[in-house]
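Read through the structure below, which is laid out as structure tokens, and then see the notes.
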Amino acid sequence: MSRYADFYRQSIDQRDAFWAEQAQLIDWQTPHQQVCDYSNPPFAKWFVGGTTNLCHNAVDRHLAGRATQPALVAISTETDTERSYTFAELHAEVQRMAAVLKALGVKKGDRVLIYMPMIAEAAFAMLACVRIGALHSVVFGGFAAGSLASRIEDAEPVAVVSADAGSRNGKVVPYKPLLDEAIALSKHKPSAVLLVNRGLAPMHLQPGRDHDWASLREQHLDTVVPCEWVESTHPSYTLYTSGTTGKPKGVQRDTGGYAVALAASMKHIFDAGPRAGDSAAPLSDSDGPGTRETRGAGVFFATSDIGWVVGHSYIVYGPLIAGMTTIMYEGLPTRPDAGVWWSIVEKYQVTHMFSAPTAVRVLKKQDPAYLAQYNVKSLKALWLAGEPLDEPTAQWISHALQVPIIDNYWQTETGWPILTLANGVEPQTTRFGSPGKAMYGYDVKLIDESTGQELTGPDQKGVVAIEGPLPPGCMQTVWRDDARFVNTYWKSIPGRLIYSTFDWGIRDADGYHFILGRTDDVINVAGHRLGTREIEESISAHPNIAEVAVVGIADALKGQVAIAFAVARDASALVDDAARLRLEGEVMKQVDGLLGAVARPARVYFVTVLPKTRSGKLLRRALQAVAERRDPGDLTTMEDPAALQQVKELVGE
Ligand code: AMP
């Protein structure tokens with residue numbers, strides 16, 4: 001048996017012993033009494049009785065040995081700034097933020113909503129929350145007032161941390177007006193709003209509610225805020241993600257299990273972090289120039305955003321837990337030019353880079369000479385995730401960088417990879433098109449959707465499912481909705497309680513998996529998961545839309561894009577092309593305003609009838625097939641055959 005196969009088997013067959021050993025990778029205030037309590041499936045409790053703190057493990061723990069090593073480097077090509085914080089400086093900033101949050105009334109167990117651009121203060125805020133036992137709920141800065149309002153209502157935060165503005169492609173994107181609008185829309189009103197003023201957009205501070213970070217920070221420059229030791233099962237955060245219904249789910253994560261899972265993934269999957277002999281050796285002045293970045297445990301550069309799960313796990317917590325320097329980047333991969341990421345790799349001697357296939361496809365369209373200008377030899381590998389990695393893209397970047405390109409498949413719900421290669425355990429060869437093998441701790445099964453039977457042979461297509469308990473680090477439940485957690489994730493396969501990923505997959509004879517798309521109505525645009533129902537609801541809110549169907553169709557750059565087919569209430573709005581374009585523009589604006597531009601459909605086509613079954617069920621798959629110019633399959637249940645004909649004509653068969 002190969003080393004990895006053995007490691008994997010141990011994780012499943014001797015689960016508790018395996019994870020007890022991994023638990024030693026982090027610091028505990030009190031050790032656990034039980035590794036896994038699975039007495040109430042599918043709810044798993046990890047490291048029961050143990051107490052720890054995520055911020056301690058990410059920051060304080062490193063003060064003894066790496067206080068002067070850079071911990072966080074925040075680079076913005078939007079504002080042309082670079083700010084670097086050593087572990088000691090990060091520790092000080094996080095305490096200041098924690099002191100301010102406490103002064104604003106935030107206590108253990110309270111929620112703090114973070115709606116911020118990619119600036120260092122966003123990481124301070126996350127770390128400050130978990131330091132005091134408060135739960136953060138980060139909302140992606142690209143989301144608009146409607147999305148933000150529904151998350152504020154669900155999380156009921158005591159405080160919101162935000163900023164005057166973000167910036168995209170050199171254009172200032174004000175956040176404060178959107179936040180004000182969201183709070184006005186929400187039934188729940190946070191009592192305090194803390195604002196970082198970057199000097200990008202004017203802000204009106206509402207007296208009594210809104211506070212300026214810079215002035216409160218001044219008041220707490222030296223306030224000591226010790227870490228609050230919390231139960232391993234104490235929730236550290238919630239993060240909203242889309243599903244099949246219009247209402248986003250708050251994925252809730254614990255503290256101890258998450259810290260252990262990330263520490264283990266840094267070691268076994270990313271082959272990173274302190275090794276024997278490098279145990280947080282202090283850097284001295286005699287180390288000379290250039291050694292500060294390289295002498296540490298390595299430099300991790302994840303190009304995602306703190307609003308997504310990759311940002312939580314591999315911009316903030318994972319690299320810091322491993323004692324690495326982490327890079328936060330605000331900006332595009334192509335501005336000022338397509339060499340910008342590689343210039344960062346060269347300058348900071350990045351050892352680990354994590355991005356998404358769409359970003360690579362964007363770069364692939366640019367002149368390859370940009371890449372050749374920089375020395376990227378410090379890189380050990382490039383990890384890509386969030387959406388299927390197509391072979392030409394993988395080949396191109398592999399050739400250009402000359403390092404392993406490692407696909408990894410996971411979800412907001414799991415917090416760390418389900419399928420990839422654990423090169424820290426045993427180096428394995430990449431198979432293009434496959435994210436790799438089941439990761440330790442995940443009892444991955446392929447299940448026949450209709451019978452619930454496990455498919456054990458090679459190359460059989462089934463639903464990718466995970467037998468409980470989910471390993472440490474995965475979601476505990478849906479925030480304040482245990483029933484939704486059970487019913488959504490664990491009851492979709494007939495006759496058995498098993499976690500569904502809602503992805504189709506196959507596995508070859510060597511254990512490499514291939515992901516074949518979603519089993520539900522969720523789509524993936526440039527690595528961002530979007531619920532088609534959510535987009536439909538926002539379009540239906542337009543006064544002249546009677547009915548709408550949104551489907552995802554293949555796109556060469558973004559993987560998928562959303563396309564809407566809508567029925568207008570008043571057909572006179574569609575008399576000519578100009579009128580149709582006007583309504584299409586209005587619908588797009590409507591989505592921008594309610595959900596954010598990230599959810600905007602690429603096209604809105606107007607039809608007089610949507611394809612439905614006789615019982616009134618929307619024939620989404622048929623609609624999607626026709627929109628992708630594929631055969632729609634069996635249409636005997638369709639009520640009005642003319643419906644698809646219209647679609648065919650519109651998409652230009
Ligand atoms: P999210 O929770 O937003 O990260 O979306 C998770 C979903 O993205 C998965 O259920 C898959 O549908 C898709 N996904 C993520 N990573 C990959 C990958 N490496 N290959 C194929 N699909 C992926």
In chain order, what residues pass the ring pair (Phe, Tyr, Trp, His ring centres under 6.0 Å) check against Phe87, with sequence neighbours excluded?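 Expected list: His62.
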Within 45° cone of Phe124 ring axis and under 6.0 Å: Arg96 NZ or CZ: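 Relative to the ring axis of Phe124, which defines the angle, Arg96 lies outside at least one limit.
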So, [X] and [Y]: side-chain donor and acceptor under 3.5 Å apart, yes or no?
X	Y	result
Tyr85	Glu93	no
Tyr237	Arg253	yes
Ser265	Tyr314	yes
Tyr329	Ser76	no

Do the non-hydrogen side-chain atoms of Asn408 and Trp416 ever get within less than 4.5 Å of each other?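 No, too far: nothing below the 4.5 Å cut-off.
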Applying side-chain contact (heavy atoms from CB on, under 4.5 Å), can you list everything that pairs with Arg361, at least two apart in sequence or on another chain?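 side-chain contact (heavy atoms from CB on, under 4.5 Å) list for Arg361, sorted by chain: Pro357, Thr358, Glu387, Asp390, Thr393, Leu557.
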Tell me which one of Asp164, Asp210, Asp212 satisfies salt bridge (charged side-chain N to carboxylate O under 4.0 Å, His left out) with Lys176.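 Testing each of Asp164, Asp210, Asp212 against Lys176, the sole residue satisfying salt bridge (charged side-chain N to carboxylate O under 4.0 Å, His left out) is Asp210.
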For the pair Asp154 (side chain) and Gly250 (backbone), establish whether a donor and an acceptor sit closer than 3.5 Å, ignoring hydrogens and angles.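 Judged by distance alone, no pair lies under 3.5 Å.
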About how many Å separate [atom2] of [Y] and [atom1] of [X], when rounded to the nearest 0.5 Å?
X	Y	atom1	atom2	value
Asp481	Gln252	CG	CD	11.0 Å
Leu195	Met203	CG	CE	5.0 Å
Ser84	Glu82	OG	CD	9.0 Å
Ser313	Ile321	OG	CD1	9.0 Å

Are Phe140 and Trp308 close enough that their ring centres sit under 6.0 Å apart?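 Ring centres of Trp308 and Phe140 closer than 6.0 Å.
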side-chain contact (heavy atoms from CB on, under 4.5 Å) between Val647 and Tyr605, worked out: CA-CA 8 Å; Val647 173; Tyr605 293 110; over 6 Å; no
